[in-house]
Amino acid sequence: MTRHFLKDTDLTPAEQEEVLNLAARMKAAPYSVQPFAADGAGRKTVAVIFDKTSTRTRVSFAAGIAEMGGNALIINPGEAQIGHKESVEDTAKVLERMVSTIVWRTGAHQGLVDMAANSRVPVINALCDDYHPCQLLADLLTVKEYKGRLTGLTMSYLGDAANNMANSYLLAGVTAGMHVRICGPEGYLPATDIVSAAEARAAETGGSVLITTDPAEALAGADVVATDTWVSMGQEAEKETRLQLFRDYSVDESAMAQAAPDAVVLHCLPAYRGYEISAGVIDGPQSIVWDEAENRLHAQKALMAWLMHHSGLAVVEGLAPVELVQESAQ
Ligand code: CP
Ligand code: NVA
């Protein structure tokens, strides 16, 4: 069965841990896993499609695919027929015959679902309006490096609590057994179906969910403090309103004073100093954002290798054996 990664809960708690452990192993030995190298006969291609702009995602996927023996085919916004001249379904049916994995940054999550439903190769969500699950793998890997564990830690997110990052912090955090607090103004909190999914996952892992409009409640004693831009891609027209809406939810020095003294700070970047985060915090000693950015590379390499292995399209040593499927044209 082909495995896809469209949202954080597509990995079970045990699978998420396996991917993070593989990421740590591959970070220490960057060329040790080669799912896209075809036994010396050539390189497999991964399609990396962008409907929205990117720096980290683009570079980390391209570098990671190359390090794993493959060829990254980057398709920039507006370059392909997908979405305007050709359906997602037809695009998937063509791509799966030529590439080994499809990575896609897009708007509506449903597009990713439709792509996956028509693809025998793994489909990876490289950010959509609702989730940014690859970012969370990197974030969790980084927190684990600094704190030595994830289970039982409190992770608090402040800001636009209805955006893709808030949803992913919630879902990925509870999957790791964390106590996740999501905080933003009324009307900008996670949707009820996402909160329900997070609560169900938390019940499995011993994690917990707190949704609040009160920054003090969210921040008290937190081990990890996270934020994201107040104006996500596609929301530029609402910029002025949003800068007012979220101004009490900034991760600045007074917010950090309420968290645990050894709290670490995450931001997926790009960051807007003086808005969702102060310069003093993002450039200060508690910030781990540069390691977080680097870990996009390691986490996504592990994810791609793991999905190839569990889809029966490659073998990664150290993972439980999976029967290989007959390859089509990739
Ligand atoms: N954090 C993140 O996804 O950055 P890019 O938009 O630059 O890829
Ligand atoms: N919430 C942001 C994340 C950017 C990586 C956006 O969607 O623009």
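Just follow the structure's listing: the first ligand is 1, and inside any ligand the first atom is 1. Values reported hereafter were calculated over all heavy atoms of this structure, with side chains retained and with hydrogens, waters and symmetry mates removed. Just so it is clear, the model here is predicted, and its values are computed rather than measured.
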Close-contact set for ligand 1 against [X] heavy atoms, below 4.0 Å:
X: Thr57; result: 2 (C), 3 (O), 5 (P), 8 (O)
X: Thr55; result: 5 (P), 7 (O), 8 (O)
X: Cys268; result: 1 (N)
X: Leu269; result: 1 (N), 2 (C), 4 (O)

Are [X] and [Y] linked by a side-chain donor-acceptor pair shorter than 3.5 Å?
X: Asp139; Y: Tyr169; result: yes
X: Asn295; Y: Lys27; result: yes
X: Gln300; Y: Ser60; result: yes
X: Thr106; Y: Asp51; result: yes
X: Arg296; Y: Thr57; result: yes

Q: Specify whether Phe246 and Tyr188 have parallel, tilted or perpendicular ring planes, treating 30° as the upper limit for parallel and 60° as the lower limit for perpendicular.
A: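 Rings of Phe246 and Tyr188: perpendicular, as their planes differ by over 60°.
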Q) Parallel, tilted or perpendicular: which fits the ring planes of His109 and Tyr131, with parallel below 30° and perpendicular above 60°? A)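 Rings of His109 and Tyr131: perpendicular, over 60°.
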Q.
Less than 4.5 Å apart, side chain to side chain, heavy atoms only: is that true for His132 and Arg105?
A.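 The answer is yes, as the side chains (C-beta and beyond) meet within the 4.5 Å cut-off.
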Q) When clusters are formed from ILVMFWY side-chain contacts under 4.5 Å, directly or step by step, what else is grouped with Leu158? A)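 The other cluster members (ILVMFWY side chains, heavy atoms under 4.5 Å, direct or chained) are Leu219, Val225, Val251, Met256, Val265, Leu269, Ile277, Val281, Ile282, Val289, Trp290.
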Q) Is the closest heavy atom of Arg58 to ligand 1 under 4.0 Å? A)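 Flag not set, Arg58 not near ligand 1.
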Q. So is Lys52 in contact with ligand 1, going by heavy-atom distances below 4.0 Å?
A.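 No, that is not the case, since the closest heavy atom of the residue is not under 4.0 Å from the ligand.
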Of all the non-hydrogen atoms in the protein, which one sits nearest to [atom], and at what distance?
atom: atom 2 (C) of ligand 1; value: Arg296 NH1, 3.3 Å
atom: atom 6 (O) of ligand 1; value: Arg105 NH1, 2.8 Å
atom: atom 4 (O) of ligand 1; value: Arg56 NE, 2.8 Å

Q) Is there at least one pair of N or O atoms, one from Pro270 and one from ligand 1, spaced under 3.5 Å apart? A)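 Checking ligand 1 against Pro270, no N or O pair falls under 3.5 Å apart.
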Q.
Please enumerate all residues that pass side chain to side chain donor-acceptor pair (under 3.5 Å) together with Asp248, with sequence neighbours excluded.
A.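 Side chain to side chain donor-acceptor pair (under 3.5 Å) list for Asp248, sorted by chain: empty.
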Q.
Strictly by salt bridge (charged side-chain N to carboxylate O under 4.0 Å, His left out), give each pair with a member in residues 184-204 just once, sequence neighbours left out.
A.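 Non-adjacent pairs meeting salt bridge (charged side-chain N to carboxylate O under 4.0 Å, His left out): Arg201-Glu204.
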Tabulate distances under 3.5 Å between N/O atoms of ligand 2 and N/O atoms of the protein, writing both atom names on each line.
residue, atom, partner, partner atom, Å
ligand 2, 1 (N), Asn164, OD1, 2.8
ligand 2, 1 (N), Asp228, OD2, 2.6
ligand 2, 1 (N), Ser232, OG, 2.7
ligand 2, 7 (O), Asn164, ND2, 2.8
ligand 2, 8 (O), Met233, N, 2.8

